[in-house]
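Presented below is the structure to which this report refers.
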Amino acid sequence: MKVINDLKDFTAGGFSSIALGNFDGIHLGHQKLLKRLIESTERYSTKSVVFTFEPHPSQVLNGNDSPFLLTPLEDKIELISKYGVEYLVLMPFTDSFSKMSPEGFVKEILVDKMNVKYIVVGFNYKFGNMASGSVDDLSRLSHMYNFTVEIVPPITHQKRVISSSYIRELLQIGDVKKVAECLGRPYKIKGEVIHGDGRGKTIGVPTANLKLNHLIALPVNGVYIVEAILKGERYMGVVNIGSKPTFNKWNPSIELHIVDYSGDIYNEIIEVYFMDRIRSIKKFRDSTELVNQIKQDIIVCRKFTGKDTGIV
Ligand SMILES: Cc1cc2nc3c(=O)[nH]c(=O)nc-3n(C[C@H](O)[C@H](O)[C@H](O)COP(=O)(O)O)c2cc1C
Ligand SMILES: Nc1ncnc2c1ncn2[C@@H]1O[C@H](COP(=O)(O)OP(=O)(O)OP(=O)(O)O)[C@@H](O)[C@H]1O
């Protein structure tokens with residue numbers, strides 16, 4: 001897959017099939033669009049293109065108030081390329097770009113620069129300045145400029161329309177199981193192992209403290225069952241996201257205890273896949289009570305394994 005930041009580098013020749021949107025998370029709704037995109041290329045003899053913005057428009061429009069992301073760019077690229085997409089356009093979402101009218105975007109970018117023949121979008125797609133363009137506008141413009149528009153009806157999970165924002169809401173209540181159902185895979189975060197207070201080893205539960213990308217959404221504070229990928233190997237583990245009230249440590253951290261593992265893993269990169277939430281963080285009377293609880297957490301974690309986790 002060719003990743004392009006500047007349309008000058010777009011040299012597809014012939015016609016294009018284009019999927020439009022932000023694609024944060026590559027959830028089941030996005031996946032449906034990607035499948036339809038690939039299917040269209042045979043019908044229309046086109047090149048497949050995913051057209052998205054980088055950075056995410058909300059980061060430009062809302063600055064520090066923009067939501068945390070579900071997928072870092074490198075994961076988004078990897079997930080999209082798995083569908084066999086030929087071009088991924090990461091259009092810089094500048095202030096001036098955000099002021100383009102819906103008509104201007106379609107004519108100047110999609111028609112003139114990309115020779116569009118087919119567009120696939122979801123039912124609620126909005127585009128152009130102030131998100132003023134709708135799928136009806138896109139249909140109207142398709143007659144004017146002679147391309148086909150396919151509008152994908154809502155993809156739902158338990159009667160809720162799946163969207164990146166809905167998945168962020170689920171993370172905020174810790175429902176990582178439902179998140180996995182909406183993504184078609186478990187939610188993943190990735191980080192480098194850094195030094196903690198070194199208390200874990202002394203209480204018999206060594207933990208890897210992870211340094212994370214601060215733009216990426218985390219599940220709400222609590223204790224989770226996870227699968228961890230370390231040096232290409234897969235392990236089960238338990239993760240604590242949040243503070244350590246038992247020791248009066250209130251700064252947030254994320255700590256992973258890998259079950260049945262010992263060894264020095266400082267500076268290693270670990271991928272963590274969230275399978276289920278076990279409980280909230282509690283203040284225990286002392287470290288013995290805490291360790292007893294963590295042992296229980298590990299039992300719950302062990303019971304969970306043996307299942308097909310869906311990690312690809
Ligand atoms: C599975 C798991 C559950 C945890 N649950 C709690 C908890 O409920 N309350 C708490 O104060 N600390 C909890 N912790 C955090 C421990 O206090 C922490 O791992 C220990 O203090 C070591 O911290 P350090 O790596 O910074 O030295 C938990 C840790 C793990 C791995
Ligand atoms: N559940 C869904 N069903 C059908 N189409 C969808 C669904 N979710 C997103 N799409 C479509 O996929 C494309 C990319 O979606 P986009 O990432 O922009 O929005 P989103 O996933 O709905 O997230 P947000 O919550 O940020 O609006 C758009 O064309 C959108 O309409």
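Every value quoted in this text rests on a predicted model; they were computed, and no experiment measured them. Ligands are counted one by one from 1 in listed order, and the atoms in each one are counted from 1 as well.
- Atom 21 (O) of ligand 2 has as its closest protein heavy atom His27 NE2, 2.7 Å.
- Residue Lys283 does not touch ligand 1, judged by heavy-atom distances below 4.0 Å.
- In terms of N/O distances under 3.5 Å, ligand 1 is not approached by Asp297.
- Distance from atom 20 (C) of ligand 1 to its nearest protein heavy atom, with residue and atom name: Arg199 NH1, 3.9 Å.
- Between Tyr44 and Phe15, the gap from one ring centroid to the other reaches at least 6.0 Å.
- The single protein non-hydrogen atom nearest to atom 16 (C) of ligand 1 is Leu290 CD2, 3.9 Å, given as residue, atom name and distance.
- The distance criterion of under 3.5 Å between nitrogen or oxygen atoms is not met by Ser243 with respect to ligand 1.
- By the 4.0 Å N-to-carboxylate-O rule, Arg302 lies close enough to Asp260 to be salt-bridged with it.
- Ion pair Arg36/Glu39 flagged as a salt bridge, since at least one NZ, NE, NH1 or NH2 atom sits closer than 4.0 Å to an Asp/Glu carboxylate oxygen.
- The closest side-chain heavy-atom distance from Arg185 to Leu79 is below 4.5 Å.
- Under 4.0 angstrom from ligand 2, the non-hydrogen atoms of Leu20 all belong to its backbone.
- If you check which protein heavy atom lies closest to atom 22 (C) of ligand 1, you get Gly200 N, 3.3 Å.
- The closest approach between any non-hydrogen atom of Ser58 and ligand 2 is not below 4.0 Å.
- Annotation: side chain of Lys76 is not in contact with side chain of His30 (no heavy-atom distance under 4.5 Å).
- Between the side chains of Ser139 and Asp136, no donor N or O sits under 3.5 Å from an acceptor N or O.
- With ligand atoms numbered from 1 in the order given, ligand 2 contributes 29 (O) to contacts under 4.0 Å with heavy atoms of Val121.
- Heavy-atom contacts from other residues, nucleotides or ligands closer than 6.0 Å to CG of Asn146 number 12 or fewer.
- More than 12 heavy atoms of other residues, nucleotides or ligands shown are found within 6.0 angstrom of CZ on Phe123.
- In this structure, Thr207 is part of the shell of residues with a heavy atom less than 4.0 angstrom from ligand 1.
- Considering backbone and side-chain atoms alike, Phe123 places every N or O at 3.5 Å or more from each N or O of ligand 2.
- By the criterion of a heavy-atom distance under 4.0 Å, both the backbone and the side chain of Ile281 are placed next to ligand 1.
- Nearest to atom 10 (C) of ligand 1 among the protein's heavy atoms is Thr246 OG1, 3.3 Å.
- With a heavy-atom cut-off of 4.0 Å, Ser164 touches ligand 2 through backbone and side chain alike.
- Ligand 2 has no N or O atom lying under 3.5 Å from any N or O atom of Tyr166, backbone or side chain.
- For atom 3 (C) of ligand 1, the nearest non-hydrogen atom of the protein is Arg279 NH2, 3.4 Å.
- Ranked by closest heavy atom to atom 12 (O) of ligand 2, the top entry among Asn22, Leu33, Ile162 is Leu33.
- Between Arg168 and ligand 2, no pair of N/O atoms sits closer than 3.5 Å.
- In terms of protein heavy atoms, atom 15 (O) of ligand 2 is closest to His30 NE2, 3.3 Å.
- Note on Leu37 and Ile77: same hydrophobic cluster, where clusters join Ile, Leu, Val, Met, Phe, Trp and Tyr whose side-chain heavy atoms are under 4.5 Å apart, directly or indirectly.
- Nearest to atom 23 (O) of ligand 1 among the protein's heavy atoms is Glu255 OE1, 3.3 Å.
- Taking any N or O of Gly29, backbone or side chain, none lies under 3.5 Å from an N or O belonging to ligand 2.
- When Phe23, Phe53, Tyr125 are ranked by how near their heavy atoms come to atom 17 (O) of ligand 2, first place goes to Phe23.
- Between Arg43 atom CZ and Glu150 atom CD the span is 6.5 Å, to the nearest 0.5 Å.
- If you look at Asn209 next to ligand 1, the close heavy atoms, those under 4.0 Å, all belong to the side chain.
- Remark: ligand 2 atoms within the under-4.0 Å shell around heavy atoms of Gly21 are 14 (C), 18 (O).
- Atom 4 (C) of ligand 2 has its closest protein heavy atom at Pro153 O, 3.4 Å.
- Note on Ile281: it does not cluster hydrophobically with Ile203, by side-chain heavy-atom contacts below 4.5 Å among ILVMFWY residues.
- Atom NZ of Lys283 has more than 12 heavy atoms from other residues, nucleotides or ligands within 6.0 Å.
- Nearest protein neighbour of atom 30 (C) of ligand 1, counting heavy atoms only, is Asn240 CB, 3.7 Å.
- Nearest residue to atom 27 (O) of ligand 2 from Cys182, Ser165, Pro67 is Ser165 (criterion: closest heavy atom).
- Close approach of ligand 2 to Val161 is summarised as follows: ligand atoms under 4.0 Å from at least one heavy atom of the residue are 1 (N).
- For Lys32, the NZ atom sits in a loose shell: 12 or fewer heavy atoms of surrounding residues, nucleotides or ligands are nearer than 6.0 Å.
- For the pair Val226 and Phe274, the minimum side-chain heavy-atom distance is below 4.5 Å.
- Below 4.0 Å from some heavy atom of Gly122 lie the following atoms of ligand 2, by number and element: 5 (N), 11 (C), 28 (C), 29 (O), 30 (C), 31 (O).
- Between Pro245 and ligand 1, at least one N/O pair is under 3.5 Å apart.
- Residue, atom and distance of the protein heavy atom nearest to atom 22 (O) of ligand 2 are Ser163 CB, 3.4 Å.
- The residues Arg234 and Glu271 are annotated as not salt-bridged, no charged nitrogen and carboxylate oxygen being separated by less than 4.0 angstrom.
- In this comparison of Ile155, Leu138, Asn124, the heavy atom closest to atom 2 (C) of ligand 2 sits on Ile155.
- With hydrogens and angles disregarded, a donor-acceptor distance shorter than 3.5 Å links the side chain of Thr71 to the backbone of Gly25.
- Not a single heavy atom of Lys249 lies less than 4.0 angstrom from ligand 1.
- Remark: distances from the non-hydrogen atoms of Lys32 to ligand 2 are all 4.0 Å or more.
- When hydrogens are left out, the protein atom nearest atom 26 (O) of ligand 1 is Lys244 NZ, 2.7 Å; that is the closest non-hydrogen contact.
- Ring to ring, Tyr187 and Tyr224 are not that close: their centroids are 6.0 angstrom or more apart.
- Using a 3.5 Å distance cut-off with no hydrogens or angles, the side chains of Asp297 and Gln293 do pair a donor with an acceptor.
- With respect to Asp175 and Arg277, no salt bridge is recorded, no charged nitrogen being found less than 4.0 Å from a carboxylate O.
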